[in-house]
Amino acid sequence: MRLNNTLTRRVEEVVPVDDRKIGMYSCGPTVYRYVHIGNLRTFLLSDLLRRALEFEGYEVTQVMNITDVGHMTDEASDSGRDKMDLAVADEGLSPKEIAQKYTQAFLDDTEAIGIKRVHVYPKATEHIPEMIELTERLIENGHAYEVDGTVYYDVRSFPEYGKLSGNTLDKLRAGHRQELEVDPNKRHPEDFALWKKAGPNRLMRWDSPWGEGFPGWHIECSAMSMKYLGERFDIHTGGVDLIFPHHEDEIAQSEGGVRHEVISAWVHGGFLRLKEQKMAKSSGNIIRIGDLAALGIDPLSFRYFTFETRYRKEMDFSEDALRAADTTVKRLRQRMAEWGGPAEGLGPDAKAFDGRFREAVADDLDMPQALVILNELASSRNVPDPEKYSLVSSWDQVLGLDVERDARAGWQPSDEVAALVGERDAARANKDFATADRVRDRLQELGLEVMDTPEGTRVRPRI
Ligand SMILES: [Zn+2]
């Protein structure tokens, strides 16, 4: 498996710290609002990567945090209002109830698009002691300082600051000259909070060596990733928007705490842009994955839709493209049913297809190319149908499209349909085309697709 590593800016072979085992951490949802389909593209990337690694035979342990501590509406300057407090005011539920509601919604949405459950979903609120401990360690190591109940990370104490994002202190300093207000408690404007003193109205607060307060957002990922994956692990994923400051700060915290490199590869996914105005016109706003069912779109088709663009590239949401993907997925399931079932073994042509598919997936998750190969296989005249079935069902470990759904359901024509098919074949044999056409129209009214084949009329449910 080769991956584009944001840290080294190169496509590199994955070399696990521990033989065939991979530890992977993925930044998870904030649970005071619903995730939209743009967020889900990023979560799909971590699922795709995990499936691709497992397809290659790696044993993957995946951890994803649940951010149930509220953070500020303006994350960069730690100002504005706390988002969890806003949700509490809006909905009249307690912070715990809000977190439970949106955690469940997140799990339902990800399940709907075939995202596998990760192995551990640690909640920030259940790991406050670990965050306090890491913060204490950073103070001991000379990377952090306390002022009036708030603990800041001293970015100048970490010379490698900026190595992930390219936002080195020189560059940041130039930017800060235009900034109007800088927290006067910070030694340097670039410093960020590890622990914040709780104001009088703040709902979620905990005791700490520095008084009552709450953790910064970045520290949760350092504390929880190292708790569950150890102080040296393989892959960290997230959206491009998290590179700075979230992941840059995470590196400074984790490496400042343990004094060595923690994570080998950083993998970041591009945005799915939602043109909300346009979407509102055409479809009443497809924002959540649950909205797709009402439009007759299988949520799994969203996977296929995202696979059409390389994961690092930005892509635009388009209902038409999603509908086209939906048709392709449903047709593929139907073809699988027609191919009947798996073969005993694979011939040389099928093996060549398999090699090409695996190579595309291993090449920094080149899913657009993998789909080209999939569609080439489907229409190939050289590979027998049962071998096609075997290949596509094994590739579904990566694709996650439930390609065997129709084959499992085993669609059978009703007695009425079978009688009409017989009637039409008889009419055609007698060159009674008027009757043949009339029966064809009747079959189509019944929701069937009618095909003329050398063996006679064939029908299947129309997509
Ligand atoms: Zn994170």
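All values below were derived from every heavy atom in this structure, side-chain atoms included, with hydrogens, water molecules and symmetry-related copies excluded. For ligands, and for the atoms within them, numbers begin at 1 and follow the listed sequence. Nothing fancy with the numbering, it's 1 onward along the sequence.
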Arg202 with Asp85: basic N within carboxylate O range, under 4.0 Å:
no

Is the distance between the Zn ion (ligand 1) and the nearest N/O/S atom of His218 smaller than 2.8 Å?
no

Testing Arg50, Glu54, Lys116, Arg117 one by one against Gln62 for a side chain to side chain donor-acceptor pair (under 3.5 Å), which residue passes?
Arg50

Show your working on side chain to side chain donor-acceptor pair (under 3.5 Å) between Glu248 and Ser165 and close with a plain yes or no.
CA-CA 7 Å; Glu248 192 71 64; Ser165 63; 2.6 Å; yes

Test of geometry: compute the angle NE2(His246)-the Zn ion (ligand 1)-SG(Cys221) and round it to 10°.
110°

Let's go through His268 and His247 carefully: what are the C-alpha distance in whole Å and the side-chain angles of both, what is the deciding distance for ring-ring contact (aromatic ring centres under 6.0 Å, His included) to 0.1 Å, and is it a yes or a no?
CA-CA 10 Å; His268 291 102; His247 291 162; 5.0 Å; yes

Of the backbone and side-chain N, O or S atoms of His247, does one lie nearer to the Zn ion (ligand 1) than 2.8 Å?
no

